[in-house]
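The block underneath contains the structure these notes are about, expressed in structure tokens.
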Amino acid sequence: MVTILLGDGFEEMEAVIPYDMLKRAGIPVQFAGIGGELIRGSRGITVKADLLLEDVSYEQMDMIVLPGGLGGVDSILGNKKALRLVSSAWEDGKYVAAICAAPTILAKLGITNGKKATVYPGMEKKMHRAQMVEHAKAVVDGKLITATAAGAAFEFAKALISALKDEQTADNVAKGIVL
């Protein structure tokens with residue numbers, strides 16, 4: 001199961017595109033809402049979470065995904081349970097993925113230390129000891145997956161699918177939507 005955390009102010013494309021593409025690949029995915037079921041994105045689009053953060057079944061989770069959007073990032077940073085969930089996932093060898101400004105959350109938790117990563121352009125200094133990969137839309141380093149911004153949401157989703165299934169499945173989903 002893939003859990004995508006949604007906090008008020010999340011970037012809609014960075015959450016919905018991976019959710020949709022994971023579904024197309026036959027991978028179970030859910031939106032977990034921080035502070036409620038109806039979560040308003042940075043562009044004013046409200047998304048109904050599948051469940052509340054408190055109801056996430058950690059044992060069934062294979063991957064956690066953090067969309068960007070400064071408000072969404074602040075929502076995650078302001079929630080101790082969300083931060084514990086991310087840290088525990090990493091410590092237990094689950095996949096941890098973040099896009100846009102959200103990799104800075106992983107940097108604050110020490111997850112990106114010594115790892116190859118990318119982030120929204122201009123936020124590199126907030127990545128502390130990560131090994132920044134320039135000009136990459138998505139970067140995979142073991143079980144860490146990062147991406148730059150909304151424009152990289154499709155590449156990010158393909159990386160998630162490749163990690164959980166394989167590259168052929170990711171390519172088939174991309175072909176199916178004429179990416």
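- To the nearest 0.5 angstrom, I145 atom CD1 is 11.5 Å from I99 atom CD1.
- Looking at heavy atoms from C-beta onward, M61 lies in side-chain contact with L85 at the 4.5 angstrom threshold.
- The list of ring-ring contact (aromatic ring centres under 6.0 Å, His included) pairs with a residue in residues 13-33, not counting sequence neighbours, reads Y19-F31.
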Stepwise side chain to side chain contact (heavy atoms under 4.5 Å, CB included) test for I34 and I39: CA-CA 8 Å; I34 297 173; I39 311 296; 5.6 Å; no
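- The two atoms that bring G36 and A49 nearest to each other are O-CB, 4.5 Å, heavy atoms only.
- At distances below 3.5 Å, not a single donor-acceptor pair connects side-chain atoms of K137 with backbone N or O atoms of A152.
- A donor-acceptor pair is defined here as one N or O able to donate and one able to accept, closer than 3.5 Å; such a pair exists between the side chain of T146 and the backbone of T118.
- Legend: salt bridge (charged side-chain N to carboxylate O under 4.0 Å, His left out) pairs involving residues 77-99, not counting sequence neighbours: none detected.
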Would you list the atom pairs, donor with acceptor, under 3.5 Å between side chains in residues 105-113 and any protein atom, with sequence neighbours excluded?
none

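- Listed by first and then second residue, the salt bridge (charged side-chain N to carboxylate O under 4.0 Å, His left out) pairs that reach into residues 47-76 are E37-K48, sequence neighbours excluded.
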CA sep, side-chain torsions, deciding dist, call: V119, E124, side chain to side chain contact (heavy atoms under 4.5 Å, CB included): CA-CA 6 Å; V119 70; E124 294 85 359; 4.2 Å; yes
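- Clustering ILVMFWY residues whenever any of their side-chain heavy atoms sit less than 4.5 angstrom apart, transitively, puts M21 in the very cluster that holds V47.
- Closest of all the heavy-atom pairs between A159 and V140 is CB-CG2, 4.0 Å.
- Of all heavy-atom pairs between P18 and L160, the closest is CB-CD1, 4.0 Å.
- A single hydrophobic cluster is seen to contain both L77 and V96, as judged by linkage of ILVMFWY side chains at heavy-atom distances under 4.5 Å, directly or through other members.
- Annotation for L70 and A101: closest pair CD2-CB, 3.9 Å, computed over non-hydrogen atoms.
- Listed by first and then second residue, the salt bridge (charged side-chain N to carboxylate O under 4.0 Å, His left out) pairs involving residues 13-31 are D20-R24 (not counting sequence neighbours).
- Between the CG atom in L5 and the CG atom in L53 there is a gap of 6.0 Å [rounded to 0.5 Å].
- Under a hydrophobic clustering in which Ile, Leu, Val, Met, Phe, Trp and Tyr are joined whenever their side-chain heavy atoms come within less than 4.5 Å, directly or via other members, M1 and L51 fall into different clusters.
- If you chain together ILVMFWY residues whose side-chain heavy atoms come under 4.5 Å of each other, L38 ends up in a group of its own.
- Of all the heavy atoms in G9 and S42, the pair that sits closest is O-CB, 3.5 Å.
- L66 and L164 end up in different hydrophobic clusters when Ile, Leu, Val, Met, Phe, Trp and Tyr side chains are linked at under 4.5 Å.
- The salt bridge (charged side-chain N to carboxylate O under 4.0 Å, His left out) analysis of residues 149-168, with sequence neighbours excluded, yields the pairs K158-D171.
- For Q30, the side-chain hydrogen bond (donor to acceptor under 3.5 Å, both in side chains) partners are T3, not counting sequence neighbours.
- In terms of modelled atom types and a separation under 3.5 Å, the side chain of E12 and the main chain of R43 share a donor-acceptor contact.
- The ring-ring contact (aromatic ring centres under 6.0 Å, His included) pairs that include a residue from residues 148-179 number zero, where partners must be two or more places apart or lie in different chains.
- Checking side-chain atoms of Q131 against main-chain N and O of K115 turns up no donor-acceptor pair under 3.5 Å.
- Between T169 and A25 the shortest heavy-atom distance is CG2-CB, 3.9 Å.
- Residues M13 and V73 fall into different hydrophobic clusters, defined by Ile, Leu, Val, Met, Phe, Trp and Tyr side chains chained together at heavy-atom separations under 4.5 Å.
- Side-chain contact between I27 and M63 is absent, with no heavy atoms from C-beta onward closer than 4.5 Å.
- Within the structure, ring-ring contact (aromatic ring centres under 6.0 Å, His included) pairs that include any residue of residues 89-146 do not occur (at least two apart or interchain).
- By the 4.5 Å side-chain criterion applied to Ile, Leu, Val, Met, Phe, Trp and Tyr, V133 is assigned to a cluster that also includes V139.
- Atom CD1 of residue I76 and atom CG of residue L83 lie 8.0 Å apart, to the nearest 0.5 angstrom.
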Full working for side chain to side chain contact (heavy atoms under 4.5 Å, CB included) between F10 and I4: CA-CA 11 Å; F10 74 94; I4 301 175; over 6 Å; no
